[in-house]
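Just so you know, these numbers come straight off a predicted model, no measurement behind them. Letters A, B, ... are given to chains in the order of the sequence lines, protein chains preceding strands, and every chain is numbered from 1. Below, all heavy atoms of this structure are taken into account, side chains as well, without hydrogens, waters or symmetry copies.
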Amino acid sequence: MPYLVHSPEDRAAMLETIGVESIDDLLVDIPQSLRLDGLQLPAGLSEFDTMAELSTLAARNRVFPDRLTLRGGGVYRRFIPAAVAAVTSKPEFYTAYTPYQAEASQGTLQAIFEYQSLIAELTGLDVSNASLYDGATAVAEAAMMAYVQTGRNEVIVSGYVHPEYVQVLRAFGEGRGIKVRKGGEPNKKTAAVIFQQPDFLGLLVDARALTQAAHDAGALAIACVDPISLAVLAPPGEYGADIAVGEGQQLGLTPSFGGPHVGFLACKKELVRKMPGRLVGVAHDAQGRRGFVLSLAAREQHIRREKATSNICTNHSLCALGAAVYLTYMGPYGLKQVADVSFRRAHALAERLKALPGWELAFPEKQFLNEFPMRVPKAPAVLRKLGRKGILGGLEVGRWFRELKGVVTFTCTEVNDARALDELVEALQS
Amino acid sequence: MPYLVHSPEDRAAMLETIGVESIDDLLVDIPQSLRLDGLQLPAGLSEFDTMAELSTLAARNRVFPDRLTLRGGGVYRRFIPAAVAAVTSKPEFYTAYTPYQAEASQGTLQAIFEYQSLIAELTGLDVSNASLYDGATAVAEAAMMAYVQTGRNEVIVSGYVHPEYVQVLRAFGEGRGIKVRKGGEPNKKTAAVIFQQPDFLGLLVDARALTQAAHDAGALAIACVDPISLAVLAPPGEYGADIAVGEGQQLGLTPSFGGPHVGFLACKKELVRKMPGRLVGVAHDAQGRRGFVLSLAAREQHIRREKATSNICTNHSLCALGAAVYLTYMGPYGLKQVADVSFRRAHALAERLKALPGWELAFPEKQFLNEFPMRVPKAPAVLRKLGRKGILGGLEVGRWFRELKGVVTFTCTEVNDARALDELVEALQS
Amino acid sequence: MTEPLSFELSRPAVDPPRLPEAEVAGPGPADLLPHDALRSRPPGLPRLSEPEIMRHYSRLASLNYSISENFYPLGSCTMKYNPVVNETAAALAGFAGLHPYQDEDSVQGALELMWRLERALCAVVGVERVTLQPAAGAHGEWTALRMIAAFHHSRNENRTEVLVPDSAHGTNPASAALSGFQVVEVRSGPDGRISLADLESKLSPRTAALMLTNPNTLGLFEREILDIAEMVHATGAMLYYDGANLNAFMGICRPGDMGFDAVHMNLHKTFTTPHGGGGPGAGPVGVKAELVPFLPAPTVERTNGHLTLDYKRPQSIGRVRTFYGNFGMLVRAYTYILAMGGDGLSQASQDAVLSANYLRKLVEGDLEMPHEGPCMHEFVASAHNLHDTGVRALDVAKALLDKHFYAPTVYFPLVVPEAIMVEPTETESKDTLDSFARSVKEIVSRARTDPASLHAEPTNLPVGRLDEVTAARRINAYLQGTSEDPVLRWKAPSDGAS
Amino acid sequence: MTEPLSFELSRPAVDPPRLPEAEVAGPGPADLLPHDALRSRPPGLPRLSEPEIMRHYSRLASLNYSISENFYPLGSCTMKYNPVVNETAAALAGFAGLHPYQDEDSVQGALELMWRLERALCAVVGVERVTLQPAAGAHGEWTALRMIAAFHHSRNENRTEVLVPDSAHGTNPASAALSGFQVVEVRSGPDGRISLADLESKLSPRTAALMLTNPNTLGLFEREILDIAEMVHATGAMLYYDGANLNAFMGICRPGDMGFDAVHMNLHKTFTTPHGGGGPGAGPVGVKAELVPFLPAPTVERTNGHLTLDYKRPQSIGRVRTFYGNFGMLVRAYTYILAMGGDGLSQASQDAVLSANYLRKLVEGDLEMPHEGPCMHEFVASAHNLHDTGVRALDVAKALLDKHFYAPTVYFPLVVPEAIMVEPTETESKDTLDSFARSVKEIVSRARTDPASLHAEPTNLPVGRLDEVTAARRINAYLQGTSEDPVLRWKAPSDGAS
Ligand SMILES: Cc1ncc(COP(=O)(O)O)c(C=O)c1O
Ligand SMILES: Cc1ncc(COP(=O)(O)O)c(C=O)c1O
């Protein structure tokens with residue numbers, strides 16, 4: 001049977017060594033009433049038939065080409081260097097466990113240390129952890145940090161933060177008795193003000209003012225940021241945010257129907273002891289050679305148990321590795337060019353779209369980078385028409401925000417070349 | 001620029017160390033009249049644009065699904081275990097050179113030693129070399145061996161040997177003044193009788209009789225064999241052939257429009273010194289540890305120069321590695337099942353095809369394994385129709401053999417499931 | 001051999017990679033955005049060429065042990081072979097290329113896969129429904145406890161305590177606490193199993209749930225599980241199953257039948273999705289009927305062949321992560337289940353139990369076995385018998401590394417002193433188990449003859465034993481502001497280096 | 001650490017892999033085929049489970065040095081970085097899935113790629129047409145010589161000799177001989193370049209061609225190439241270019257302009273297709289107008305955008321391999337050319353020359369430099385200066401292995417005693433070159449202080465220096481029938497083991 005290594009002879013020899021007749025003799029502790037014979041599942045398939053089955057399922061999905069994908073809303077099509085998969089598909093990385101035995105895990109440990117350093121540089125904050133599950137849980141974990149740090153039990157979500165992030169925040173909050181308030185001024189009950197930059201619609205918020213307001217009320221400022229935007233936008237560290245979190249999917253990870261992606265979290269050093277998850281640090285051996293180890297484990301569940309800062313154990317290491325390869329490939333100027341190209345194309349597209357009859361920018365007074373909200377007449381019909389032409393049009397955000405019925409956000413990145421945008425506009429005019 | 005590592009600073013520093021002003025000072029030996037400034041080629045593209053361009057080219061090709069591919073003629077669709085690519089895509093294997101420094105190349109050397117052993121087991125002969133370019137050059141190299149061994153300068157090609165193999169044999173032969181004769185009885189001028197089992201049409205030949213006839217005339221018998229057929233057919237070693245050659249594409253390699261694939265060559269030990277190409281053997285170090293080295297190099301061009309048994313240097317190592325993984329994955333019984341399933345499906349298909357009006361087996365008296373020739377009315381039109389239905393039908397062999405106008409060979413393997421064969425027959429009936 | 005950091009390899013003026021150009025003229029960020037919204041100086045990312053980057057990561061990879069090259073008997077982690085075809089399947093464009101906000105009609109294949117995986121997992125653990133949203137086991141534990149809380153709440157019961165055995169994994173109490181419960185520890189008896197007497201005494205109307213794994217973290221099956229279930233249910237509490245040990249009994253028995261109401265599974269253990277050096281994994285949660293209304297939204301529903309995402313779940317605990325879970329991992333797990341089939345999964349568990357008992361037998365003369373066998377898929381030994389030599393479990397672990405084996409889990413579970421927790425899994429050959437046992441024997445006898453040499457292990461690895469104490473001291477210094485060296489990240493030498 | 005052979009890991013009754021079943025009933029081979037056509041016993045292939053197979057090959061991989069992890073300054077082999085995107089491109093279903101006998105209309109993209117690659121290669125080397133059929137450099141040499149023979153033949157000239165410099169690569173004389181020519185060696189002068197006087201004396205009406213590489217195998221540019229071309233052409237002979245050294249001057253000069261009539265290229269050197277541990281490669285051959293009629297068939301032709309395969313080439317030398325060449329390698333090479341562009345290729349050659357001269361400068365104090373610089377993309381040093389210490393080029397090579405560098409080419413070209421041929425390529429950083437030079441210095445000084453230690457190298461590798469002499473003796477014994485041990489293959493212990 002696939003992936004099983006023992007031959008019948010091996011099994012017989014092993015039973016003999018153990019000194020029992022059969023496997024059943026090893027299962028004596030299981031009450032008879034519980035014993036099954038086998039599973040109500042079909043028999044196994046050959047690898048060929050397995051792949052045939054999966055290919056059939058895959059073929060029942062519609063994949064829109066990168067260049068004709070204009071839908072974002074938290075997951076984006078970007079150029080992914082072949083280098084990323086070439087590294088993350090190395091079995092030495094992807095078949096290793098969490099690096100408990102440091103000396104035999106230096107590859108993973110150093111890669112994660114580099115990831116932490118890259119995120120710290122990008123966000124302008126002191127320390128990054130080794131990764132979290134996704135952007136939403138990163139926001140929730142940051143809120144927990146603020147709750148513990150301030151001893152206050154209310155967090156304010158300011159403006160258009162990704163609706164699913166807010167839902168996850170609520171679910172997390174409930175357990176701990178943390179109230180989640182939409183908007184409003186921070187006060188002495190406020191543990192943190194959470195904002196997204198750019199926001200869920202792609203619009204820039206006044207991060208400095210929000211941070212200031214939070215601090216004035218003695219609350220923490222939590223910035224949920226687009227990592228690629230940080231090549232051009234002021235990083236949270238520059239405007240004084242205490243914690244930066246975000247979704248790392250854009251850093252070299254495939255959409256994959258929503259996961260696995262990676263949540264990042266960086267903070268000021270004052271908050272490091274409240275941080276969730278793994279932290280890799282430098283250590284040396286007796287000969288003075290530098291190595292890397294899991295550090296500050298005293299925060300974690302396997303030591304602190306119910307007093308841990310978080311319950312997270314397995315995180316998203318391999319995705320963090322992918323993000324590290326991506327950022328290292330791009331370097332400061334490559335990342336800037338990606339952000340810059342996306343910005344220019346998005347603004348050019350916005351100009352063309354608002355020229356369409358009845359179309360207008362939903363928030364003409366606001367700035368954006370490469371995702372922007374438009375008021376679109378008969379939005380559903382328009383998007384269906386684009387779909388028929390093989391274009392994955394923008395995202396209807398009215399689904400989450402009543403006041404935004406008929407509003408569609410469009411995203412442009414370096415993968416949407418000029419010809420693709422022409423095709424889009426032609427399709428809309430036709 | 002992509003793949004270049006020096007920064008302008010690096011270049012300046014290096015020039016200074018060398019003690020010259022500019023690159024031009026290093027190119028002084030090149031006559032001015034020869035100097036170009038640059039190439040008449042477009043400027044380089046980003047990786048994203050490069051892949052976009054290649055994807056466009058790839059999209060201009062029509063790929064028929066494995067299960068609906070019934071065309072063979074030397075290249076076959078077979079189930080390729082994911083394990084094969086997982087091994088051949090390991091950079092430690094694919095970015096290494098020919099293993100000149102044995103101590104730092106044990107991975108490649110041992111893998112090739114295992115490949116040689118697998119081919120020897122499969123063909124039932126004493127020794128296999130490390131690989132050749134393809135089946136055709138393997139046939140030609142075998143003929144050279146016979147020519148050198150016997151001192152005779154004529155080779156007989158018996159029956160339907162792959163026409164392109166014969167063309168390559170002729171081109172090789174011309175250089176050495178070797179005459180290639182189609183059919184006829186071997187005589188004292190005959191260096192070798194070359195036959196293919198099963199032949200180009202998929203039919204079995206009487207390998208024993210051909211081998212006997214060759215030996216009776218003092219000639220060598222060269223069997224060009226389908227490696228998978230050897231799971232069920234008597235191997236060349238069993239019926240006394242002196243050299244076995246063949247194309248290894250079926251052993252886990254993709255069609256890839258005809259290459260790279262791999263030629264294998266195995267022979268009796270009496271002929272080993274006449275063998276072309278690399279040979280890996282066992283050696284030990286001072287501590288008695290076993291290792292592997294390139295052996296009998298005295299046959300080869302880098303030592304013997306114009307007296308070498310062949311000019312081959314770079315061979316098809318990575319393809320041989322793939323074949324080794326494939327054969328190891330299959331094992332004796334897996335390989336047998338692959339051959340057996342192919343045989344049963346092909347015979348079932350033959351029955352259904354010959355029931356079609358006007359269709360008949362071209363050689364009803366002959367046996368076949370999983371490829372067989374049919375007389376097909378209006379063959380070209382029939383194949384075009386299949387093409388329109390997404391089926392890659394059989395191969396018209398009249399293109400090479402005047403007497404076989406209207407004959408089409410069909411191939412069946414484990415990838416052509418029953419439903420696929422139903423679709424084929426329905427398409428033919430419609 | 002060690003490798004410099006990418007930051008240390010970086011050189012100022014290396015060309016950035018070639019990237020698409022904006023064909024459109026028109027304004028750039030600096031033209032349109034307020035100056036104070038812009039970044040003042042570029043992020044300090046390293047600057048390297050592609051060849052240098054690839055070599056850097058290739059060298060890092062070679063510094064790792066991994067199942068692909070090493071036996072990895074890490075107890076409680078089920079480090080079994082990761083089939084390569086799983087990776088091929090997950091990489092299919094029809095899966096990897098899907099946007100989570102595509103219309104349902106355009107993702108029927110993906111939803112069908114999720115639906116089938118849910119059915120298969122239900123069959124394996126014996127529950128009604130499964131949510132695929134949680135990203136890992138701990139996430140699943142917390143999700144399940146949220147559902148249990150919601151369940152009690154819906155019945156206006158105020159239950160504030162969760163019982164957790166002293167042998168439980170750290171995530172259990174942590175998840176309970178994060179979910180707002182008080183954690184009450186239940187003691188294990190001398191036989192390594194939960195003490196029914198102690199359980200009895202801790203159960204009360206305040207009890208929301210008992211979290212259990214069975215076989216427990218000692219690898220022992222809780223014989224009295226049916227009585228335990230009865231006791232727990234009698235108090236109106238729920239029974240939660242930590243599925244990290246599911247590899248012990250697929251096709252042999254089912255948590256659902258044992259009386260568990262909620263079950264999490266680690267697809268990155270039992271179902272061969274790779275660990276990735278610490279994730280991503282997937283921690284689906286299965287529940288019995290009473291808990292179904294509280295499942296996270298959306299669920300995948302199937303009505304005559306058509307698949308939909310159901311968001312209208314009024315009693316749902318809400319959402320525990322974005323989108324629909326770690327879909328790429330779900331594809332891998334489903335691929336594995338298809339290839340193994342019911343027959344394969346059952347045999348896998350039987351072989352896992354066989355291998356664990358075999359290896360236990362081979363080493364029982366060398367290490368202490370605090371509890372009687374037979375064990376299930378893993379066993380916990382103790383290096384306590386080496387106490388007088390001064391050799392500790394950690395030394396044994398490090399010595400094993402030098403013999404090209406990854407080390408077992410040590411010092412867990414906490415109830416066993418000098419614990420050495422060994423889980424061989426079904427995908428390691430008898431030869432491998434034999435040579436591992438020989439190495440243990442050799443190390444143990446060396447403990448008697450030359451203990452000092454063991455304190456010096458490992459010596460054949462890229463680095464020797466790393467001094468975590470000094471490292472921790474340096475981190476404190478940084479956090480307290482008495483040192484500039486961040487230790488937890490690289491920093492340009494100018495601003496204080498590691 | 002060494003790894004057993006797959007055959008040694010094999011166990012009798014391990015399950016074969018699950019494979020598709022024949023749904024159809026009906027006869028099997030044994031039912032229809034004559035008994036004596038059937039195999040009497042199954043082939044002796046190993047029997048292993050997939051996890052064991054994957055671990056076996058993973059461990060073997062870890063025993064290799066490769067460019068992915070090691071500097072690989074193997075002279076004459078142009079071991080440069082292999083871009084990963086090349087592999088992605090070659091794996092596209094639209095390429096990897098094509099049957100060579102599909103109708104032309106269904107493979108226009110593949111033919112277009114071949115046509116464009118041909119045009120690009122023509123531009124780089126300055127020829128009229130290129131055949132993509134040859135599988136490697138030697139195959140290309142032979143193909144070109146067949147064309148040259150056909151050319152002379154077509155003019156009823158009987159030219160039987162091919163001139164080859166004494167510094168030439170072994171494949172040159174071998175290819176000439178296989179093509180039916182007598183090989184006449186031309187001597188190199190003291191400056192390492194071909195001696196015009198000797199060439200003069202060897203040229204005759206019997207001369208079919210002179211085979212040359214430029215820069216020659218010493219890495220020196222043949223300054224008098226234009227005179228050489230004139231001399232050769234004056235006798236009616238042709239000038240052949242061995243393209244292994246093309247990396248020296250892309251965009252700087254072109255063999256076609258130097259007067260070469262035929263040129264082979266190693267796509268697996270200059271154009272980054274991976275070496276694969278010894279292939280597959282690709283050895284296209286470019287020719288000037290006079291040789292075009294003799295190109296192998298088919299050629300790819302393009303008429304207003306439509307591509308065809310032209311088989312009607314009456315004067316063609318025929319076919320040199322099946323189908324159209326190593327297409328998968330052609331895809332990789334074209335991918336590289338697209339990404340680099342004309343600008344990138346020119347810079348690559350300039351950096352290759354720069355790196356070689358830089359490294360030459362760094363080691364010139366330590367090793368003998370038999371010829372004056374500047375060199376082109378590689379240089380040949382000599383360990384002759386260590387003669388008195390008893391240390392040989394081979395010892396230096398093995399010592400470098402212990403420092404994690406692959407060794408340069410040694411003892412080639414034959415004209416230099418104790419030759420050490422170093423080709424750094426453009427994809428190795430200055431840091432790497434510096435540390436390589438430091439290692440050479442350290443080894444050379446050790447030769448003076450402790451030569452014995454160098455004879456013992458390497459000591460940090462899976463095996464020490466292997467005894468090839470004894471190995472050869474054992475092979476002879478087998479071939480002469482005095483031993484049962486085949487040495488060149490594994491054999492079941494029963495019938496005599498390695
Ligand atoms: C017994 C047990 N429970 C829970 C967990 C937590 O699972 P995860 O690491 O996926 O969050 C683990 C894994 O380490 C475990 O071993
Ligand atoms: C100078 C020279 N010529 C010819 C060849 C032969 O090329 P190949 O190995 O591709 O047959 C080589 C490669 O080893 C070479 O270095």
Side-chain angles (χ1 to χ4, degrees), chain A residues 1 5 14 26 29 34 39 41 43-44 50 54 57-58 60-63 87 90-92 94-98 103-104 106-108 117 121 133 136 164 167 171 175 232 254 256-260 282-283 285 291 301-302 305-306 308 311 314 316-318 331-334 341 344 348 414 418, chain C residues 16 20 22-24 29 42 44 47 57 60-61 63-68 89 92 94 96-98 100 106 109 135-136 138 170 173-175 177 179-180 183 221 251 253 274 276-281 318-319 322-323 326-328 339 341-342 344 358 374 429 461 463-464 466 471 489-490 498:
Chain A
M1 266 172 236
V5 301
M14 291 163 81
L26 300 172
D29 289 332
L34 290 175
L39 289 168
L41 286 175
T50 302
L54 279 139
L57 286 172
R60 286 175 55 193
N61 300 318
R62 179 130 180 244
V63 180
V87 172
K90 286 181 181 292
E92 300 92 329
Y94 84 77
T95 76
Y97 202 79
T98 304
E103 302 83 358
Q106 286 298 300
T108 295
S117 305
E121 291 291 338
Y133 305 138
E164 294 196 6
Q167 289 163 13
V232 296
T254 53
S256 295
F257 204 43
V282 175
D285 69 8
Q301 44 74 25
H302 62 282
R305 305 186 63 90
E306 63 268 29
N311 66 336
T314 291
H316 277 209
S317 230
L318 196 71
Y333 297 98
V341 170
R344 291 174 192 272
E414 70 280 4
Chain C
E23 314 84 343
V24 296
R47 298 179 64 178
Y57 286 106
L60 287 183
L63 304 181
N64 263 6
Y65 278 12
S66 65
I67 350 176
S68 67
L92 289 170
L98 296 183
S106 71
S175 298
S179 192
V183 176
F221 195 89
C253 56
R319 205 178 238 301
T322 41
F323 314 120
N326 281 343
F327 180 75
Y358 176 71
S429 70
L461 287 167
V463 292
L466 293 163
R489 67 178 281 192
W490 177 87
S498 272

> By a 4.5 Å heavy-atom criterion (distance strictly below it), what part of A:Ala43 contacts chain C: side chain, backbone, both, or neither?
both
> Using a 4.5 angstrom heavy-atom cutoff, name the option from C:Pro42, C:Gly276, C:Gly341 with the most pairs to chain A.
C:Gly276
> Answer yes or no: is there a side-chain heavy-atom contact under 4.5 Å between A:Gln106 and C:Leu466?
yes
> Name the option with the most non-hydrogen atom pairs under 4.5 Å to chain C; the candidates are A:His316, A:Met1, A:Gln167.
A:His316
> Only pairs of heavy atoms separated by less than 4.5 Å count here; which of C:Pro100, C:Gly318, C:Ala22 has the most with chain A?
C:Pro100
> Flag the one option from A:Ala308, A:Ala136, A:Gly334 with the top tally of heavy-atom pairs under 4.5 Å to chain C.
A:Gly334
> Which one wins on heavy-atom pair count under 4.5 Å against chain A: C:Gly344, C:Ala135, C:Ser106?
C:Ser106
> Locate the shortest heavy-atom distance separating C:Pro20 from A:Val341; write the atom from each residue and the value.
O-CG2, 3.3 Å
> With rounding to the nearest 0.5 angstrom, report the CD1 to OH distance, C:Ile67 to A:Tyr97.
11.0 Å
> Using a 4.5 angstrom heavy-atom cutoff, name the option from A:Glu306, A:Lys90, A:Arg62 with the most pairs to chain C.
A:Glu306
> Taking all heavy atoms of A:Thr95 and all of C:Ser68, pick out the closest pair and write down the distance.
OG1-N, 3.2 Å
> Donor-acceptor check, side chain of A:Ser317 to backbone of C:Gly277, threshold 3.5 angstrom: yes or no?
yes
> Can you check whether A:Arg305 reaches C:Val183 side chain to side chain, under 4.5 Å on heavy atoms?
no
> So, the side chain of C:Asn64 versus the backbone of A:Glu92: is there a donor-acceptor pair under 3.5 Å, distance only?
yes
> Shorter than 4.5 Å, heavy atoms on both sides: which option in A:Ser117, A:Gly291, A:Gly331 has the most such pairs with chain C?
A:Ser117
> Over all heavy atoms of both residues, which pair between C:Gly109 and A:Asn61 is shortest? Give the atoms and the distance, please.
N-OD1, 2.9 Å
> Within the side chain of A:Glu164, is there an N or O that forms a donor-acceptor pair under 3.5 Å with the backbone of C:Phe323?
yes
> Taking side-chain contact (heavy atoms from CB on, under 4.5 Å) as the test, write out the residues that go with A:Ala171, two or more places apart.
C:Trp142
> Of all of C:Pro280, C:Ala138, C:Gly342, which one pairs up most often with chain A through heavy atoms under 4.5 Å apart?
C:Pro280
> State the CG-OH distance between A:Leu26 and C:Tyr358, to the nearest 0.5 angstrom.
13.5 Å
> Name all residues meeting the ring pair (Phe, Tyr, Trp, His ring centres under 6.0 Å) criterion together with A:Tyr94; count only those two or more places apart in sequence or in a different chain, and write none if there are none.
none
> List the atom of C:Asn326, the atom of A:Pro260, and the distance in Å for their closest heavy-atom pair.
OD1-CA, 3.3 Å
> Check whether any side-chain heavy atom of A:Gln301 lies under 4.5 Å from a side-chain heavy atom of C:Pro173, and answer yes or no.
no
> Heavy atoms only: give me the nearest C:Gly97-A:Val63 pair and the separation to one decimal.
O-CG1, 4.0 Å
> Under 4.5 Å, counting heavy-atom pairs only, tell me which of A:Gly258, A:Ala283, A:Gly44, A:Ala96 racks up the most with chain C.
A:Ala96
> Main chain of C:Gly464, side chain of A:Asp285: is a donor-acceptor contact present, judged purely on distance under 3.5 Å?
yes
> Heavy-atom pairs under 4.5 Å with chain A are the metric here; pick the option from C:Ala177, C:Ala61, C:Pro16 that has the most.
C:Ala61
> With respect to chain A, which residue among C:Pro274, C:Ser429, C:Ala339 yields the maximal number of heavy-atom pairs within a distance under 4.5 Å?
C:Ala339
> Measure across C:Ser175 and A:Asn311 and return the closest heavy-atom pair with its distance rounded to 0.1 Å.
OG-ND2, 2.9 Å
> Among A:Asp29, A:Val5, A:Val87, single out the residue with the greatest number of heavy-atom pairs under 4.5 Å to chain C.
A:Asp29
